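Convention: sequence-line order gives letters A, B, ...; per-chain numbering from 1. What you see is a predicted model; the values in this text were computed from it and never measured.
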2 protein chains.
Amino acid sequence: MRVRIEDVAEAAGVSMKTVSRVLNQEPNVSEETRKRVEAAARKLQYRPNPSARSLAGQRSFLVALLYDNPSSNYLMEVQAGMLDACIAHHYNLMLAPVTYGERKFLAHVDEIIQHSRADGLVLTPPLTDHPGLMKRLGQLGIPYANISPKLRGGRIGVVLDEERAVREMMAHLVSLGHRRIAHIKGHPEHGASQWRLNGYRDGLAAAGIAYDPELVIDGDFHYDTGAICAQRLLLMADRPTAIFAANDDMAAGTIRTASEMGLSIPGDVSVCGFDDTPIARQIYPPLTTVRQPTREMGRLATHELFKRIKAPDGGQMITAGYELQLRQSTGPIGKGRTRRR
Amino acid sequence: MRVRIEDVAEAAGVSMKTVSRVLNQEPNVSEETRKRVEAAARKLQYRPNPSARSLAGQRSFLVALLYDNPSSNYLMEVQAGMLDACIAHHYNLMLAPVTYGERKFLAHVDEIIQHSRADGLVLTPPLTDHPGLMKRLGQLGIPYANISPKLRGGRIGVVLDEERAVREMMAHLVSLGHRRIAHIKGHPEHGASQWRLNGYRDGLAAAGIAYDPELVIDGDFHYDTGAICAQRLLLMADRPTAIFAANDDMAAGTIRTASEMGLSIPGDVSVCGFDDTPIARQIYPPLTTVRQPTREMGRLATHELFKRIKAPDGGQMITAGYELQLRQSTGPIGKGRTRRR
DNA sequence: CTGTTAGCGCCTTCAG
DNA sequence: CTGAAGGCGCTAACAG
């Protein structure tokens, strides 16, 4: 029924092993033999059996994406990027959702690794900063790549210079005349929250604006939280003229709240976010934000992972590029015509 | 190094096969033996080798999600539902993106199936209605389940009574006094587009309102398209007082356009969508829509798939429930105070 | 109820 | 540069 390597060998008049060599691009095959084998394989429509390959070769040709419920847009982009890389390397992508705070978190991860036999993992924040996980993965000796990890020492994956990106964004706001700029922080577990806060503070400092703790509020990257935080900020007697939310979802929540309060954007208050997820263009007004090349980051991280799978010390930490997206949610100060309801 | 089934057998003082029986929950093992084997397996921390199981057992314990780039929210929900089912059945979930219109579409699908050795597939629209794909999958004899397929005969999966849902939505609009109700259609390739259009027409008929082709515009489920279609509708001399967009993304685009035109929602125009994706609550005003239990549908489809994997005639077509979500984007007719810019 | 015997299809030795 | 034998870890089919 199914065509096996043996059939190809027979058709090509060589041994199984020679076919195997050709298929796996191993050396020590004469050009002529190679061609003959390839022709036979094509004619018979031969497809290697992954299970057999895995069993004999001790690898699964599977990588798993380990994640803990980040925003769906973010995750989809990461997935797409990983798929780009996986397809190019003839690997398959498996999904492995976990729960960071769970009691048996590590046991669960063990389970996944054992059960899937993935050759490697890609971690998204905040898993990428879970100390116990790092350690466990090291013990198990399973290769993994990190997306936007806090700690970069001796690890592979991809990061963005988020601090610098935020400094640029702050410079943009300052150039529009804003000096009373608020910040809604991200989830405390994510490295990004810290970087973006740092960028905010640096941006203020660069403009000679004093840091005012009242203008900095704890968020968690969620839309609803953004909406709530914005309310606190916009109800202040001396309300900020600009709000930098640590991601687009919270910025969208901010805009939502401002709209409900009858405030004009950017007339009464400018709002900006980070990530450039689809929501940035799907709200009104469209959001000024930093474009984070999430898909590309997924691809790059997976690419580094493959390098490490091949060699125990392969791969490195890559820095991806960002881009400011100036849209209509930010504008010059004081052009507003408040229309409180 | 790794503990094998043989080690467990030795530790428990039984044969390999008996251990295998216990692990696979097969019958014909005495309770006492079973306990002994389970204890031994636990003590040794035994984990079966999936590759070996696959090779010997002719199944991969893998299901693949075949999709063609629908909205990320939709896909994430489907994924989450599938994962719920997969985890419960000790299966793994693999991602298999394809391109519907591609030249070598079928060859690509073949490739995926051969290369992944998935035991079954779940198809999302519009793949679920691709005639060539259906046929090919039938030839290959690979089990698959469908989410929201147009044709239901002899197939398994899950559907929603979308026509009925839309009829209810139309009744809601009519009850608010609307009679001039427009519709932005979905992507022609999706069954949902037809159902939602049918529901729209039925809803009009039920209210004794004549169908006006001018008020029905071709869309494709995308946000931007919704925005463009809305412009055409809202610039009409005798513009509609309500717009039913075939999904939330297009409804969001509609609201965007209305906002830009300075129209008040729902004062000047009511807008409603379908799906209840996160965007429905993330725009302002929040969207009246039909809640489609996408995650649950992913779970149910996968569940039916497992039944079919077990038995060639197992599984069936399930009907999932919906729920109207009445929010602030719809309201009584004529309460608006237009403020064109 | 339990055990034995063959593979599943490929890759890894190690000879030639 | 090529091939023959053995085994990866498990399960199916058959015996008992």
Double-helix bend of the helix from C:dC1-D:dG16 to C:dG16-D:dC1, axes at both ends from 5 pairs, round to 10°, gives 30°

Residues passing the salt bridge (charged side-chain N to carboxylate O under 4.0 Å, His left out) test with A:R299, sequence neighbours excluded, are A:E296

Here the side chain to side chain donor-acceptor pair (under 3.5 Å) pairs for residues 306-316 of chain B, sequence neighbours left out, are B:E304-B:K307

Contacts satisfying salt bridge (Lys or Arg N to Asp or Glu O under 4.0 Å) that involve residues 138-158 of chain A (not counting sequence neighbours) are none

Stepwise, does the side chain to side chain donor-acceptor pair (under 3.5 Å) test hold for A:T18 with A:S15? CA-CA 5 Å; A:T18 299; A:S15 75; 3.2 Å; yes

* Between A:R53 and A:N24: side-chain donor-acceptor atoms closer than 3.5 Å -> yes

The correct set of residues in residues 30-40 of chain A placing a heavy atom under 4.0 Å from DNA chain C is none

Sorted by chain and number, sequence neighbours left out, salt bridge (charged side-chain N to carboxylate O under 4.0 Å, His left out) with B:E10 holds for none

### Message
What I want to check is whether the side chains of A:Q79 and B:Q79 have a donor and an acceptor closer together than 3.5 Å.
### Response
yes

Residues passing the salt bridge (charged side-chain N to carboxylate O under 4.0 Å, His left out) test with A:D68, sequence neighbours excluded, are none

With sequence neighbours left out, the residues meeting side chain to side chain contact (heavy atoms under 4.5 Å, CB included) with B:R34 are B:V22, B:V29, B:E31, B:E38

B/S/- along nucleotides 7-16 of chain D (protein heavy atoms under 4.0 Å) is BBBBBBB---

- prompt: Crowded around A:E6 CD? As in, over 12 foreign heavy atoms under 6.0 Å?
  reply: no

5'-most to 3'-most nt of DNA chain C touching chain A (<4.0 Å, heavy-atom partner on protein side) reads C:dG9 to C:dT12

Applying side chain to side chain contact (heavy atoms under 4.5 Å, CB included) to B:A56 and not counting sequence neighbours gives none

Contacts satisfying side chain to side chain donor-acceptor pair (under 3.5 Å) that involve residues 119-143 of chain A (not counting sequence neighbours) are A:S60-A:D119, A:Y91-A:D119, A:D110-A:R136, A:T128-A:N146, A:R136-A:Q139

